[in-house]
Undergrad: 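One structure coming up, written as structure tokens, with questions to follow.
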Amino acid sequence: MSEALQQDGLILEALTLPADGTEAELRYRNPRYRAQTLAIGRSARAMARLLPPRWRR
């Protein structure tokens with residue numbers, strides 16, 4: 001996840017994946033985009049590509 005975020009100019013702070021697979025929490029720093037919505041979209045796409053299906057609901 002760290003490498004995927006770096007490619008989009010974001011820095012991974014933390015990724016929490018509970019064992020029950022009901023939710024995932026991503027914390028990142030955004031030194032690149034002025035609009036937070038762009039950073040959120042980039043991080044959501046990275047998570048959709050890389051996380052197992054049970055976290056992609």
Side-chain angles (χ1 to χ4, degrees):
M1 182 65 66
S2 180
E3 289 178 23
L5 291 176
Q6 277 183 334
Q7 290 175 1
D8 285 324
L10 303 171
I11 301 165
L12 178 67
E13 291 289 323
L15 177 62
T16 305
L17 302 171
D20 63 3
T22 58
E23 61 185 51
E25 181 178 321
L26 174 71
R27 293 178 184 256
Y28 63 88
R29 275 188 283 147
N30 172 22
R32 178 183 244 175
Y33 302 101
R34 294 170 97 191
Q36 286 299 318
T37 54
L38 291 174
I40 292 167
R42 301 277 178 160
S43 62
R45 281 190 292 277
M47 290 177 75
R49 284 191 315 264
L50 298 173
L51 291 180
R54 67 183 191 181
W55 278 288
R56 292 189 237 151
R57 295 180 201 177

Undergrad: Nearest 0.5 Å, please: how far is OG1 in T16 from CD in E23?
TA: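 One finds 9.5 Å between CD of E23 and OG1 of T16.
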Undergrad: Could you report the tightest heavy-atom contact between Y28 and S43, atom names first, then the distance?
TA: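 Shortest heavy-atom separation between Y28 and S43 comes out as CE2-OG, 3.7 Å.
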Undergrad: Scan the side chains in residues 4-13 for donor-acceptor partners under 3.5 Å anywhere in the protein, sequence neighbours excluded, and list what turns up.
TA:
from	atom 1	to	atom 2	distance (Å)
D8	OD1	R42	NH1	3.4
E13	OE2	R29	NE	2.3
E13	OE2	R29	NH2	3.1

Undergrad: Residues in side chain to side chain donor-acceptor pair (under 3.5 Å) with R45, at least two apart?
TA: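 Side chain to side chain donor-acceptor pair (under 3.5 Å) check on R45 returns nothing, list empty.
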Undergrad: Do other residues, nucleotides or ligands put more than 12 heavy atoms under 6.0 Å from E3 CD?
TA: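 Check fails, neighbour count at 12 or below.
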